[in-house]
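Notes for the one structure printed next.
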Amino acid sequence: MDLEKLKRLQEKLKSRVELKKFSSKVRIVAGCDSSFPGGRTLGVCVNISYPGLEIIEISYALLEMRFPYIPTFLSFRELPSLVQAYRQLKYTPDLILVDGQGIAHPRGLGIASHLGVIVGKPTIGVAKSRLFGDFEMSPGPERGSFVYLKNGKSTIGAVLRTRDNVKPVFVSPGNLIDVDSAVEWVLKLGAGYRLPEPTRIADKISKSLIK
DNA sequence: GCGACAG
DNA sequence: ATCTTGTCGC
């Protein structure tokens, strides 16, 4: 594998990322996540209703693993199965949440942005830990408080508390949405857990599907 | 050279 | 991510 070549591909795709206010009507939100049973990759996409937050449909794809885990190159490992699973969905979601970073990435193209560019839909990255970006202090202890993630002078995401006194998550826009709308929607899609329902359920299904 | 480093 | 049981706390 030629990482320098992949870096150039990421930089090229980054130019197709568009950050804008998100104000579409939302009826369906997809959650995407993957797991690695044996030497393979299991990509899972779940369509959830909004505001009901009920499961509408589930799709998945199991492929041979072609790429190792290398920080900042996560999408080359997880996207093949995720994109295939996404394309098998019967309904097109209005918004997609992905387990990982959006633009909060060294080259501005985390897995949520990469997927967003490929499918041309609004995406949000929700990660359980930090990859890139700086923040002065941690957010307040109560659900809803957050601090912005910065890259120099530009805002690239937020460290958001989704539950009282629980470790915050890292939210960043993937494509066709901005930081504030991303934070707003992650909170709207939450229901008492650290992770928003789309990603939490996708992760849950991904793990139980292995059995 | 050293430290950081999504899942 | 994955390997893995019970256990402390709200």
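Residue numbers start from 1 in every chain, and the chains themselves are labelled A, B, ... in the order their sequence lines are given, proteins ahead of strands.
- A:S113 contributes atom OG, which lies 11.0 Å from atom CD1 of A:I177 (distance to the nearest 0.5 angstrom).
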What pairs of nitrogen or oxygen atoms, one from the protein and one from nucleotides 3-8 of chain C, lie under 3.5 Å apart?
none

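- Legend: side chain to side chain donor-acceptor pair (under 3.5 Å) pairs involving residues 56-75 of chain A, not counting sequence neighbours, sorted by first then second residue: A:T72-A:R107, A:S75-A:H114.
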Determine, stepwise, if the pair A:E11 / A:R8 fulfils salt bridge (Lys or Arg N to Asp or Glu O under 4.0 Å).
CA-CA 5 Å; A:E11 285 156 0; A:R8 293 201 296 275; over 6 Å; no
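- For the salt bridge (Lys or Arg N to Asp or Glu O under 4.0 Å) test, residues two or more places apart in sequence or in another chain that qualify with A:R200 are A:E197.
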Mind listing the side-chain donor-acceptor pairs of residues 153-160 of chain A below 3.5 Å, one per line with the distance, residues two or more places apart or on another chain?
residue	atom	partner	partner atom	Å
A:S154	OG	A:N151	O	3.1
A:T155	OG1	A:K150	NZ	3.2

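- Residues from residues 151-180 of chain A lying near DNA chain B, meaning a heavy-atom separation below 4.0 Å, are absent.
- Between A:K188 and A:Y50, the closest side-chain pair of non-hydrogen atoms falls below 4.5 Å.
- Consecutive Watson-Crick or G-U pairing (both distances under 3.5 Å) never extends over three or more pairs in DNA chain C.
- A distance of 11.5 Å separates CG in A:L62 from CZ in A:F36, rounded to the nearest 0.5 Å.
- Taking the side-chain hydrogen bond (donor to acceptor under 3.5 Å, both in side chains) definition, one finds that A:K204 meets it with nothing, sequence neighbours left out.
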Which side-chain N or O atoms in residues 14-24 of chain A pair as donor and acceptor under 3.5 Å with protein atoms at least two apart or in another chain?
residue	atom	partner	partner atom	Å
A:S15	OG	A:K12	O	2.5

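- A donor-acceptor distance shorter than 3.5 angstrom exists from the side chain of A:S145 to the backbone of A:E142, with no hydrogens or angles considered.
- To the nearest 0.5 Å, the span separating OH on A:Y193 from CG on A:D203 amounts to 12.5 Å.
- Within the structure, every pair that satisfies the salt bridge (charged side-chain N to carboxylate O under 4.0 Å, His left out) test and touches residues 128-141 of chain A, not counting sequence neighbours, is listed here: A:D99-A:K128.
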Quick one, give me the B/S/- string for nucleotides 1-7 of chain B, reading 5' to 3', where B means a protein heavy atom under 4.0 Å from the base and S means that only happens at the primed atoms, P, OP1 or OP2.
---SBBB
List, one per line, each side-chain donor-acceptor pair under 3.5 Å for residues 82-96 of chain A, sequence neighbours excluded.
residue	atom	partner	partner atom	Å
A:D94	OD2	A:R27	N	2.8
A:D94	OD2	A:I28	N	2.9

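- With a 4.5 Å cut-off on side-chain heavy atoms, A:T162 and A:L195 do not count as touching.
- Helical stems in DNA chain B, defined as runs of 3 or more consecutive Watson-Crick or G-U wobble pairs with both donor-acceptor distances under 3.5 Å, are not found.
- Atom-to-atom distance recorded for A:T199:OG1 and A:R194:CZ is 11.0 Å, nearest 0.5 angstrom.
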